[in-house]
Amino acid sequence: MKSIAQYAGNLLNHVEALYRPGERELAIELVEALGCAVTDTGFKGDGVDTFLAVHPNPDDRNPNNNVFYISQIRSNQLAVEERLRRLNEEDSEFAALLENYRQEACTKPFGIPHFALRYPSSQDVDDVSKRINASLKHRLKDRLHLRIFRPGDADAAVCSLTQGFLFQDVIVSGSFLMGQLIELQTQS
Ligand SMILES: [Fe+2]
C-alpha cells in the first residue's frame, strides 16, 4: 500500500479537535476504540499539554496528513462553553432546542456537521462498535450514541454505503455542548 506521503495531489489533510480538561486519557481511549493510533507530536504551542496526532491508518503514522489532532480546550473557549452550559441550565427553551439538536444528531445525522473516517469493510465498523460498547458506553451513558446505517435500511441516506454515526462529546471540533458526530464509513 502506498503511504499518504506519496500522494502528490491536494487533499484534506487534518481536523483540529479538542478534549476537556482531565479527559486526555479518555480521549485516547475513544480514538483507539475507533481503531486509530495515537502519537504525541511533542508540540505544545499555547496549550497546557502536547498535541496528540490521531492516525486513522495505524500503519501509516504520517504526522501531517490523514490525521486529526487533539489537545486540551483553551481557556477562552472553555469560558464560552461554561456560559452556554449555564444558559442550558437556566433557560428551558434553550435546553429544549439543544436537546432537539442532540436527538437529531443521534437519529438523523446526515445534515449535522461531522467528519468521517473510512474503513476497509463493514466488519471493521462492527469491530469499532464492539469496542465502544465494551469499554465506553456504560461509562459515558448519554454522552455517546452510535447508530449504524446499512445498505438497504429504510432510513439510510446512501444505499451503497455503510455509515456508522458516533455522536459524542469527548472530542469535538466545535462546541462540547453541541457534541461531535464522527462518521464511520465503508464503501464496499
Ligand atoms: Fe458524511
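The model shown is predicted, which means the values in this text are computed figures rather than measured ones. Atoms considered below: every heavy atom in the structure, side chains included; atoms not considered: hydrogens, waters and symmetry mates.
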Using a 3.5 Å distance criterion without hydrogens, assess whether the side chain of H138 forms a donor-acceptor pair with backbone atoms of L136.
no
Between Q123 and D127, does any side-chain donor sit less than 3.5 Å from a side-chain acceptor?
yes
Could you tell me whether the side chain of L87 reaches within less than 4.5 Å of the side chain of E82, counting heavy atoms only?
no
Would you say the side chains of T186 and R150 form a donor-acceptor pair under 3.5 Å?
no
Between R74 and Q72 (side chain of the first, backbone of the second, donor and acceptor by atom type, cut-off under 3.5 Å), is there such a pair?
yes
Lys/Arg N to Asp/Glu carboxylate O, E81 vs R86, below 4.0 Å
no
Show the nearest heavy-atom pair for residues T162 and S122, with the distance to one decimal.
OG1-CB, 3.9 Å
Regarding R131 and E29, does a basic nitrogen lie under 4.0 Å from an acidic carboxylate oxygen?
no
Would you find more than 12 non-hydrogen atoms of other residues, nucleotides or ligands less than 6.0 Å from E93 atom CD?
no
Step by step, work out the side chain to side chain contact (heavy atoms under 4.5 Å, CB included) result for F94 and L84.
CA-CA 10 Å; F94 179 85; L84 284 171; 4.1 Å; yes
Can you spot which of F68, Y69, F51, F115 makes a ring-ring contact (aromatic ring centres under 6.0 Å, His included) with H14?
Y69
Determine whether the side chains of D60 and S3 contain a donor N or O and an acceptor N or O closer than 3.5 Å.
no
Taking all atoms of both residues into account, what is the closest heavy-atom pair of T107 and R147, and its distance?
O-NH1, 4.0 Å
May I ask you to decide if N88's main-chain N or O and D91's side chain share a donor-acceptor pair within less than 3.5 Å?
no
Criterion side chain to side chain contact (heavy atoms under 4.5 Å, CB included) on Q168 and L140, from CA distance to verdict
CA-CA 9 Å; Q168 51 75 48; L140 291 171; 5.9 Å; no
Let's go through L181 and L166 carefully: what are the C-alpha distance in whole Å and the side-chain angles of both, what is the deciding distance for side chain to side chain contact (heavy atoms under 4.5 Å, CB included) to 0.1 Å, and is it a yes or a no?
CA-CA 5 Å; L181 270 174; L166 177 67; over 6 Å; no
Around N100, counting heavy atoms of other residues, nucleotides and ligands shown, do more than 12 lie under 6.0 Å from its CG?
yes
In terms of hydrophobic clustering (I, L, V, M, F, W, Y; side-chain heavy atoms under 4.5 Å; direct or indirect links), are I112 and F167 co-clustered?
yes
Can a donor-acceptor pair be found between the side chains of D126 and S129 at a distance below 3.5 Å?
no
Do side-chain atoms of R102 reach the backbone of L97 as a donor and acceptor pair under 3.5 angstrom?
no
Salt-bridge present (D40, R61; N to O < 4.0 Å)
no
Residue that, paired with V31, satisfies side chain to side chain contact (heavy atoms under 4.5 Å, CB included) out of V170, V38, I182
V38
Is the backbone N or O of G174 less than 3.5 Å from a side-chain atom of Q77, with the two atoms forming a donor-acceptor pair by type?
yes
